[in-house]
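Everything quoted here is computed from the prediction, not taken from an experiment. To find a chain, count down the sequence lines: A is the first, B the second, and so on, and within it residues start at 1.
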Protein chains: 2
Amino acid sequence: MSIPRSKNVTIKEIAAHCDVSPSTVSLVLNNSPKIKASTRERVMKMVDKLDYQPNQMARSLVSRRSKCLSVTVPNLTHVFSDVYFGEIISGIYQEANLSGYKILLDIAQEKFIGDKEYLNILRNRRADGMVYIASTIEDRFLLEFEEQPYPLLLVNHYFPKSQLNFLSVDYKKAAQLAASHLLELGHRRIGLIIGTNTFTGLDFRDTFLEVCEGQGIEKKDLPWCGVKDWDEQEGYEMTKKMLARHPDLTAIMAGNDRMAIGAIRYLSNMNLRVPEDVSVMGMDDIPSARYTNPGLSTLHMDFFRLGELSCRHLLNLLEGKERECRELKEPHLVLRESTGPAKPDLQSSF
Amino acid sequence: MSIPRSKNVTIKEIAAHCDVSPSTVSLVLNNSPKIKASTRERVMKMVDKLDYQPNQMARSLVSRRSKCLSVTVPNLTHVFSDVYFGEIISGIYQEANLSGYKILLDIAQEKFIGDKEYLNILRNRRADGMVYIASTIEDRFLLEFEEQPYPLLLVNHYFPKSQLNFLSVDYKKAAQLAASHLLELGHRRIGLIIGTNTFTGLDFRDTFLEVCEGQGIEKKDLPWCGVKDWDEQEGYEMTKKMLARHPDLTAIMAGNDRMAIGAIRYLSNMNLRVPEDVSVMGMDDIPSARYTNPGLSTLHMDFFRLGELSCRHLLNLLEGKERECRELKEPHLVLRESTGPAKPDLQSSF
DNA sequence: AAAGTCCTTTAAAACGTTTGAACTTTCACT
DNA sequence: AGTGAAAGTTCAAACGTTTTAAAGGACTTT
């Protein structure tokens, strides 16, 4: 079992059987146009007959390409159970697969960072490039890549002022869409729950508050609180905390759907109706957003597609087809039942 | 950006700087005891100084080991969002990491099967071994591995009568535990919802029914229905279907927690109380099982640990430390609030 | 008939390691 | 001083490809 003793068929054997040189076989296998059709055919027949499989290590050694892409995710508990990461990874896999690339999985644990594996994996050619999903403002080690010749692409995050490549949803745009929607519904006191450990999260917060203030809402009516794990639990807790201090909020804006779900759960536990008493808005449009009760109004972001695109861009970068990638994808509103007109304001003067 | 032009430091350069031969450097790097301490030190110093990184491709070429493990998952939508797969993968990653192995991700899509990539990935040495998570009875292509010299380990599934290695939860034992629990609570009409596309699922069903019938329950009071996707949706639908036909069921046994959650959702929609009117039992003990309302009685299976163990076994297999692996892990009962005494039976004669 | 051109094929040198066998040095023991 | 074993080091041949420059043939062109 341990190591297969049966020697594998090599290019040389194919060559011998076909009375050609190994070089010819290699050229055939690489679809070189230099080879005569009849020769090609003869070789291919033998390849099939002997069930030849190219040895990837040998190939990589000389071509200096492993044909692997590293996909790195943050070290969160249950990171692989999060539909957000799941969708992006699936998309990356799909696109990589089309180009014959394999996906090498990595988790940015202490050892990964401490031992500089993020660099070494590229240096010793285990992977030709890396896509890093949802880094945080703490992942400053990534800035090293500004001086390293290895292709790196950040997905759904970026570092302001850095030269690092990224592909992300446009969270400023998202904030505008969400804020406008809530304002149009007449909301004037809105609580915001958002992760503050990413630059994209900070962008969302700042833009959201700006837009609201631009419409004359006062700062004191825009409480917000920062979270770290972006999960249902935090949505629940933060909603509780905010309502305790600001019982007159008419809307909650959550930084993602999971937190929005937590918010809704708290509200219904408190016998507050959504959206009649409080509107709740999410972000991401994960599959379960349509199965919540009430259905969740949110911002749609196609993470599978984002994964596909990010992989495509990374491949372009490492094939030299692109020099840099700093792209934003637009989200769009998906309105379901969890947002509605603000409750008439009893304290107001009209 | 595309290909780093700066030649990497090689073993030869280290050798030259240290006035030793490349072989010596290699031996040092591989911790050979043959090398004098002073030489080792001198070499290591230079390795640090020049920031040398071994070229993995060259290593693999001669050692015939890629130091990669393939992890293959079935082609389900959102497979990476399922905590079940997520936990197993995390466990595998953890253990592989300790031994310096990387994880190569694969999804058993049509192309993967049609092009025999499951074999080729091992033949052309992209991976040294494969762990296949949760295969189904349809994945018969795996039987090819009975005649192939490559290490394969099935996780949480197996093929009866085959020689394939596996590591799985003991679903027969699980069925015994679950059935006994429900019988002890006095349930005499139990509906079973379970996936019938895996041999482990079939084992569960058969054992569950056997145990119940062994306690004198009639077949007609043990309706069951088979599912394919094992998700909340199916749990919901099947509960609906079964209750329509057997309105007097006092308990629902679901093949996993996700389906149990679906079942509970349907029951509360119908204003049936859990467990007063109908008990619901799940299987897996996923994190959210403790947050359902009521808390879910279920069977605990440590999937992270299962992942770790399966990786360990696979590594043992390919290092020749084990010749075969056909192991079952025992689940154990976790009783929360979703199961309770059966409703007194009005139609019964005592 | 020599020279030039085009089309195919090939020889040979990489790529950067590992590893068994051979070689050299050291050192204990006669 | 000579012998032999033990310890440490090196040689050289792999591993299985890709790739560049060159060779070989067939065919035109002068």
Side-chain angles (χ1 to χ4, degrees), chain A residues 3-44 46-47 50-67 100 120 122-126 128, chain B residues 3-44 46-47 50-67 100 120 122-126 128:
Chain A
I3 292 197
R5 23 200 83 338
S6 62
K7 257 172 91 73
N8 271 326
V9 180
T10 73
I11 226 171
K12 285 186 193 170
E13 291 171 55
I14 305 280
H17 279 84
C18 292
D19 273 321
V20 293
S21 74
S23 324
T24 306
V25 178
S26 172
L27 291 171
V28 169
L29 290 169
N30 290 291
N31 288 313
S32 162
K34 297 200 260 178
I35 302 294
K36 218 191 336 182
S38 65
T39 314
R40 149 162 294 123
E41 208 175 312
R42 196 149 44 94
V43 170
M44 286 313 284
M46 192 55 64
V47 164
L50 300 188
D51 199 12
Y52 165 81
Q53 277 287 315
N55 179 314
Q56 186 59 41
M57 332 262 58
R59 283 191 155 175
S60 299
L61 182 57
V62 26
S63 69
R64 309 168 140 302
R65 284 282 169 84
S66 63
K67 281 275 192 175
N120 294 339
L122 294 166
R123 288 217 296 160
N124 67 25
R125 295 266 149 228
R126 301 206 61 147
D128 298 334
Chain B
I3 290 197
R5 23 201 83 336
S6 61
K7 258 173 91 74
N8 271 325
V9 180
T10 73
I11 226 172
K12 284 187 192 166
E13 290 170 55
I14 305 281
H17 280 85
C18 293
D19 271 322
V20 294
S21 74
S23 323
T24 305
V25 179
S26 172
L27 290 171
V28 168
L29 291 169
N30 291 291
N31 286 312
S32 162
K34 297 200 259 178
I35 302 294
K36 221 194 328 187
S38 66
T39 314
R40 148 162 296 123
E41 206 175 315
R42 195 150 44 94
V43 171
M44 286 313 284
M46 192 54 64
V47 163
L50 301 188
D51 198 12
Y52 164 80
Q53 277 288 313
N55 179 314
Q56 186 59 40
M57 333 263 57
R59 281 192 155 174
S60 300
L61 183 57
V62 28
S63 68
R64 309 168 138 301
R65 284 282 169 82
S66 63
K67 281 277 194 171
N120 294 338
L122 293 165
R123 288 219 294 161
N124 67 25
R125 294 265 149 231
R126 301 206 60 149
D128 297 336

Asker: Using whole Å, what does the distance between atom P of nucleotide D/dA14 and atom CG of A/Leu61 come to?
Answerer: 17 Å
Asker: Describe the nucleic acid contact of B/Thr39 in one word from base, sugar-phosphate, nothing, applying a heavy-atom distance below 4.0 Å.
Answerer: sugar-phosphate
Asker: Do B/Asn120 and A/Gln53 have side-chain N/O donor and acceptor atoms under 3.5 Å apart?
Answerer: yes
Asker: Shoot me the first and last contacting nucleotide of DNA chain C against chain A, ordered 5' to 3', at under 4.0 angstrom to non-hydrogen atoms.
Answerer: C/dT8 to C/dG16
Asker: Carefully, step by step, assess B/Ile14 and B/Met44 under the rule side chain to side chain contact (heavy atoms under 4.5 Å, CB included).
Answerer: CA-CA 9 Å; B/Ile14 305 281; B/Met44 286 313 284; over 6 Å; no
Asker: Evaluate the side chain to side chain contact (heavy atoms under 4.5 Å, CB included) criterion for residues B/Ser26 and B/Asn30: first the C-alpha distance (whole Å), next the side-chain angles of each, then the deciding distance (0.1 Å), finally the verdict.
Answerer: CA-CA 6 Å; B/Ser26 172; B/Asn30 291 291; 3.5 Å; yes
Asker: What do the steps show when you test B/Asn124 against A/Arg59 for side chain to side chain contact (heavy atoms under 4.5 Å, CB included), and what is the final call?
Answerer: CA-CA 10 Å; B/Asn124 67 25; A/Arg59 283 191 155 175; over 6 Å; no
Asker: Please determine whether a side-chain nitrogen of the Lys or Arg among A/Asp19 and A/Arg42 lies less than 4.0 Å from a carboxylate oxygen of the Asp or Glu.
Answerer: no
Asker: B/Lys36 near the nucleic acid: base, sugar-phosphate alone, or nothing, with a heavy-atom cut-off under 4.0 Å?
Answerer: sugar-phosphate
Asker: Which atoms form the tightest heavy-atom contact between B/Asn55 and B/Met57, and what is the distance?
Answerer: OD1-N, 2.8 Å
Asker: For residues A/Lys67 and B/Arg126, determine if any side-chain heavy atom of one lies less than 4.5 Å from a side-chain heavy atom of the other.
Answerer: yes
Asker: Please report, rounded to the nearest Å, how far the P atom of D/dT17 is from the NZ atom of A/Lys67.
Answerer: 16 Å
Asker: Output the distance between atom CG (B/Asn8) and atom OH (B/Tyr52), rounded to the nearest 0.5 Å.
Answerer: 9.5 Å
Asker: Rounded to whole Å, how long is the line connecting atom CZ of A/Arg65 with atom C1' of D/dT18?
Answerer: 14 Å
Asker: Which sits closer to the 5' end of DNA chain D, A/Lys34 or A/Met57, going by the nucleotide each is nearest to?
Answerer: A/Met57
Asker: Just how far, in rounded Å, is P of D/dT19 from CG of A/Asn31?
Answerer: 13 Å
Asker: Tell me whether B/Asp128 contacts the main-chain N or O of B/Arg65 through its side chain, where contact means a donor paired with an acceptor under 3.5 Å.
Answerer: no
Asker: Using a 4.0 Å cut-off on heavy atoms, which residues in residues 18-25 of chain A reach DNA chain D? List them by number, or say none.
Answerer: A/Ser23
Asker: From NZ of B/Lys12 over to C1' of D/dC11, roughly how many Å is that when rounded to an integer?
Answerer: 13 Å
Asker: What is the distance from CG of A/Asn55 to C1' of D/dA14, rounded to the nearest Å?
Answerer: 13 Å
Asker: For DNA chain C, what is the dot-bracket line, given that a base pair needs Watson-Crick (N1 to N3, plus N6-O4 or O6-N4) or G-U wobble (N1-O2 and O6-N3) geometry with both distances under 3.5 Å, and | means paired with another strand?
Answerer: ||||||||||||||||||||||||||||||
Asker: Look at all strands and tell whether B/Leu29 reaches a base, only sugar-phosphate, or nothing, counting heavy atoms closer than 4.0 Å.
Answerer: nothing
Asker: Any heavy-atom pair between the side chains of B/Val25 and B/Cys18 that's under 4.5 Å?
Answerer: no
Asker: Return the value, rounded to whole Å, for the distance between atom CG of A/Asn30 and atom P of D/dT19.
Answerer: 7 Å
Asker: Ignoring hydrogens and angles, state whether a donor on the side chain of A/Ser21 or A/Thr24 is under 3.5 Å from an acceptor on the partner side chain.
Answerer: yes
